[in-house]
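Everything below concerns the one structure shown next.
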Amino acid sequence: MSAETTASLPPQAVEQAAALLRAGRLVAFPTETVYGLGADARNDAAVAAIYAAKGRPRFNPLISHFSEAGAAFAEVVEDDRARALAARFWPGPLTLVLPRAPGSRISELAAAGLPSLAVRVPAHPLAQALLRAAGVPVVAPSANRSGAVSPTTAAHVLEGLSGRIAAVLDGGPCAVGVESTVLDLTGATPLLLRPGGVPEDALRALLGPIGRPDPASAEDAARPAPGMLASHYAPALPVRLEAESVSPQEALLAFGPALPGAGAVWQLSESGDTMEAAARLFAGLRWLDAEGQRLGLTGIAAMPVPEAGLGAAIRDRLARAAAPRG
Ligand code: AMP
Ligand code: MG
């Protein structure tokens, strides 16, 4: 990715930071847990830039942040449990995983292709001010390079991401320093996907029993959690990797100049740009799957994608789409 100058902005510059977010740029900001790396959650290219800036080797699902519960619930299908938790713990360090609302405009890349969305309303006054000023949902994983420790000061953010993001909004050190508790409410029993700032006891007092994801259970395998990414969206049509030619009976996922002769073509990036390709990946898989089935095609052929940049994450995702399923 191209290097840029990272501005360190004082709290008074909230409007400037919000304008950067709306323009599709990356802005780090403090929450009560850790510094988050923010991008407009509806902008595929901005979300792709987050994975690139962090150097994430795969597309983990990201949490979308909102200034208030009403805006968060507009993107998901909430139930009584979610409303009770929101009333008690929002704003605060609790993330709820719920089914995506049919009309949600959150980027599929932000959800890593999952049918669920993770939503949170942070309490930090500067995060609140930024989210209100931005007026768009903001995805914000921790503002560190992949594998590095989560940052709790603006200086930590700059150590890892200086030159890779547009700005950091400096609100001083974060108070909690641990990440948000992630609770999955997509099934009958709430599942604790990640312990964090809101203790499990406090959740149990409100909800009753809380489970843990069990990789051996078929129901839980359908409720994706960290480390259980095999259950991410897979096309119904079989996927063939590293295609060097394509038949008229196949749909083509093209990267660079498209191979001739396919029954349908989705271009990830004509110029071979892995960031553009990442932004178009999930929409492409879905479109080729639907169009391929409509036309009676037999499979999806994926052209080779190099490892560089976001290529490794794209290759990881394509390998999962091509893996045999039970
Ligand atoms: P981070 O952004 O680094 O705080 O991590 C985000 C956490 O939320 C990870 O543990 C993700 O796996 C989890 N997460 C985000 N979206 C979803 C989702 N749709 N389903 C399950 N877990 C999610
Ligand atoms: Mg993180």
Side-chain angles (χ1 to χ4, degrees), residues 26 28-39 41 46-47 49-51 53-66 72-73 75-78 82 92-101 104 106-122 124 127 137-152 156-157 160-161 174 176-187 189-198 200 210-215 219-233 282 313 316-317 320:
L26 305 185
F29 63 96
T31 75
E32 67 276 28
T33 60
V34 301
Y35 271 73
L37 179 56
V47 175
I50 282 204
Y51 292 106
K54 285 183 65 90
R56 278 196 171 180
R58 57 169 62 153
F59 299 122
N60 317 31
L62 306 177
I63 298 167
S64 294
H65 295 72
F66 303 84
F73 287 159
E75 306 291 342
V76 293
V77 182
E78 79 277 22
L94 176 65
T95 295
L96 300 179
V97 176
L98 290 158
R100 172 193 279 267
S104 168
I106 302 289
S107 156
E108 282 213 53
L109 184 60
L114 294 176
S116 56
L117 286 178
V119 295
R120 168 160 112 85
V121 175
H124 194 288
V138 172
V139 281
S142 52
N144 52 271
R145 297 281 277 276
S146 185
V149 179
S150 293
T152 54
H156 292 166
V157 174
L161 296 176
C174 298
V176 177
V178 300
E179 286 158 317
S180 62
T181 302
V182 180
L183 189 71
D184 179 326
L185 293 176
T186 61
T189 307
L191 297 181
L192 187 69
L193 300 186
R194 178 174 80 187
V198 169
E200 189 177 352
I210 293 174
R212 294 283 188 287
D214 171 9
E219 199 215 328
D220 287 5
R223 300 170 68 184
M228 296 164 67
L229 297 169
S231 45
H232 280 198
Y233 171 78
F282 288 98
D316 169 80
R317 191 61 190 74
R320 288 165 200 282

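Residue indices begin at 1 and follow the sequence shown. Remember, it's a predicted structure, so these values are computed and weren't measured experimentally. Start at 1 and go down the list; that is how both ligands and their atoms are numbered.
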Taking the side chain as everything from C-beta on, heavy atoms only, tell me whether Arg194 gets closer than 4.5 Å to Ser180. yes
For Arg212, is there an ion pair with Glu200 - N to carboxylate O distance below 4.0 angstrom? yes
Counting each atom of ligand 1 from 1 as listed, which ones have a heavy atom of Leu193 under 4.0 Å away? 21 (C), 22 (N)
Which of the atoms of ligand 1 are close to Ser116, meaning less than 4.0 Å from one of its heavy atoms? 18 (C), 19 (N), 20 (N)
Numbered atoms of ligand 1 (with element) below 4.0 Å of Pro141, judged on heavy atoms: 2 (O)
If you take the nearest heavy atom of each of Arg194, Glu179, Arg100, which one is closest to atom 5 (O) of ligand 1? Arg194
Atom indices of ligand 1, in the order listed, that fall short of 4.0 Å to a heavy atom of Leu114: 18 (C), 19 (N), 20 (N)
Testing Leu191, Ile210, Val97 one by one against Leu183 for a side chain to side chain contact (heavy atoms under 4.5 Å, CB included), which residue passes? Ile210
Under 4.0 Å from a heavy atom of Arg56: which atoms of ligand 1 are those, numbered in the order shown and with their elements? 3 (O)
Do Arg120 and Thr33 come within less than 4.5 Å of each other through their side chains, counting heavy atoms only? yes
Go through the steps for Ser150 and Glu179 under the test side-chain hydrogen bond (donor to acceptor under 3.5 Å, both in side chains), then give the verdict. CA-CA 8 Å; Ser150 293; Glu179 286 158 317; 3.1 Å; yes
Flag the pair Val149 / Asn144 as yes when at least one side-chain heavy-atom distance between them is below 4.5 Å, and no otherwise. no
Which of the listed options, Asn144, Ile63, Val97, holds the heavy atom that is closest to atom 8 (O) of ligand 1? Ile63
